[in-house]
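Right, one structure below, let's go through it.
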Number of protein chains: 2
Amino acid sequence: MVLPRAARTQRRTRIQEEKEEQILEAALEVFSANGFRGATVDQIAEVAGMSKPNLLYYFRTKEAMHRSLIDRVLDTWLDPLRAFDAEGNPVAEIRSYIRRKLEMARDFPRESRLFANEVLQGAPHIVDELKGPLKQLVDEKAEVIRSWAKAGKIAKCDPYHLIFAIWSTTQHYADFDVQVRAVLGQENDGEGRFEDAARFLEELFVGGLQVRE
Amino acid sequence: MVLPRAARTQRRTRIQEEKEEQILEAALEVFSANGFRGATVDQIAEVAGMSKPNLLYYFRTKEAMHRSLIDRVLDTWLDPLRAFDAEGNPVAEIRSYIRRKLEMARDFPRESRLFANEVLQGAPHIVDELKGPLKQLVDEKAEVIRSWAKAGKIAKCDPYHLIFAIWSTTQHYADFDVQVRAVLGQENDGEGRFEDAARFLEELFVGGLQVRE
DNA sequence: TGATAATTTGACCGGTTGGTAAACATTACA
DNA sequence: TGTAATGTTTACCAACCGGTCAAATTATCA
């Protein structure tokens, strides 16, 4: 029988497992570098090392690949924010949130760019997720930040814009990597750059959120 | 004669002037929303209100339109940074730089997204400009910031990462607009949001750069 | 081992896309 | 006003793209 993947029963073959992983890896590579429209199925197939019809045997459409990737990324992407602990020390929590986000930008730049591509072009596939689960999570954590400010543990500030600022500054190193490299030059291209960025951002946010008169 | 636009003599017709403007306006709309690959010439022609061959009479290729736009944007985009004055008051200079960048994100979001799309996908058309003119300008201004830090007027910090942080936080409101809107909700959608962002960012950077023991 | 299900491939299809050719229309200007 | 240059349109093309199909190959397991 030649049932499409989605319609098959629970049990997944070893080959299915492997090939789907292979495909998603290739799709991530291609989508993140070219956007949804800019990526071609042939290209993904080539990177995945298989023929196009073979690829389409596992994912019936280009959209299906993309959705599968987006869902996976969206979920793990928010882990650092979920880890934000209301009971912890505010400054330490913010500091570690920044560092974790920055590590993700360093270790998973393709995932960041996949997401950036999507949002930049109006987030046609994920508006609902943004307005639903994402907003809900941010609302919740914003309340935590607000309570810290109220208790005088950090400066009074708009928690939403604080979160946006952390997102944008950290993801910048993945999404605008080419620009960052171009401006900084070849020297200091590896771990040093990451540490410089981490140090700067931590001081910026910790200093900027210090309670002042 | 039917010479292509680029090969014509100096003098440009009134019609050329008008139509090229019309086309670039349409191209900006379409490119910024869909990326280079995602945009189609037909789409641009429709938005510009003319037939595709007519459009291609003014810009011989899709690339030519894109390049023309990118060149224009790249130039005006750096104006705020050029205005950075070594002689001015450091805190005031940084504050006004942030505000100006944020105003650009508000007033020219399409230009910001055009640029973001380009860089996100590896900046294939503008790597040279990034490594050349852009790097040079940033190097120059970084030196100014470093001198301020040395003179004890602001906290010691990596000037490059400071500039990246200002770029990313401000442009975020143009590039990730959909996400920002989704998280903040409909209420407070207009000028208020802009003012909130401006106030937050100014305090963040001014506070973060304050000289401390 | 053999039969059945799962996997892989080459050939192909209809729609879209960037771009062209050439005829037609309009404008500028002597 | 006449005419040459400029501007516009219709019809079209070759390449590409997402996806299908049926036949061939390989894996699974009774």
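Quick caveat, the model's predicted, so the values are computed rather than measured. A note on names: the letters A, B, ... follow the listed sequences, proteins ahead of strands, and every chain is numbered from 1.
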Residues A/Arg113, A/Asp175: salt bridge by 4.0 Å N-O rule: no
Geometric class of the B/Phe31/B/Phe36 ring pair [parallel <30°, tilted 30-60°, perpendicular >60°]: parallel
Carboxylate-amine/guanidinium proximity below 4.0 Å for B/Glu25 and B/Lys19: no
Residues that A/Ser51 engages under side-chain contact (heavy atoms from CB on, under 4.5 Å), provided they are two or more places apart: A/Pro53, A/Asn54
Any A/Gln16 side-chain nitrogen or oxygen under 4.0 Å from OP1 or OP2 of C/dT7: yes
OP1 or OP2 of D/dT8 under 4.0 Å from side-chain N/O of B/Tyr58: yes
salt_bridge(A/Glu118, A/Arg37) N-O dist < 4.0 Å: no
Length of the CD-P vector between B/Glu18 and C/dA28, whole Å: 10 Å
Gap between atoms CD and C1', on B/Glu20 and D/dT6 respectively (whole Å): 13 Å
Proximal nucleotide (of D/dC17, C/dG19, C/dT7) relative to the B/Lys62 side chain: C/dG19
Side chain to side chain, A/Ile23 and A/Met50, heavy atoms closer than 4.5 Å: yes
Euclidean distance, atom CG of residue A/Leu55 to atom P of D/dT20 [Å, nearest integer]: 13 Å
A/Tyr57, nearest nucleotide to its side chain (from D/dT6, C/dG19, C/dT8): C/dT8
Whole angstrom value for the distance that separates P of C/dC12 from CG of A/Asp42: 17 Å
Residue A/Thr61, side-chain atoms from C-beta onward, closest of D/dG19, C/dG19, C/dT7: D/dG19
Selection: residues 21-41 of chain A, any non-hydrogen atom under 4.0 Å of DNA chain C: A/Arg37
Validation row: B/Thr40, B/Val30 side chains within 4.5 angstrom (heavy atoms): no
Got a list of protein N/O to nucleotides 10-12 of chain D N/O distances below 3.5 Å?
none

Sidechain N-carboxylate O distance under 4.0 Å for B/Asp158, B/Arg146: no
Rounded interatomic separation in angstrom, taking NZ from B/Lys19 and C1' from C/dA25: 12 Å
Whole angstrom value for the distance that separates P of C/dT8 from CZ of A/Phe59: 13 Å
Residues A/Arg193 and A/Asp196 bridged, charged N to O under 4.0 Å: no
side-chain N/O A/Asn54 vs C/dT7 OP1/OP2, d < 4.0 Å: no
Nearest-Å distance for atom pair NE2/P, residues A/His66 and D/dG19: 13 Å
Euclidean distance, atom CD of residue B/Glu17 to atom C1' of D/dG7 [Å, nearest integer]: 16 Å
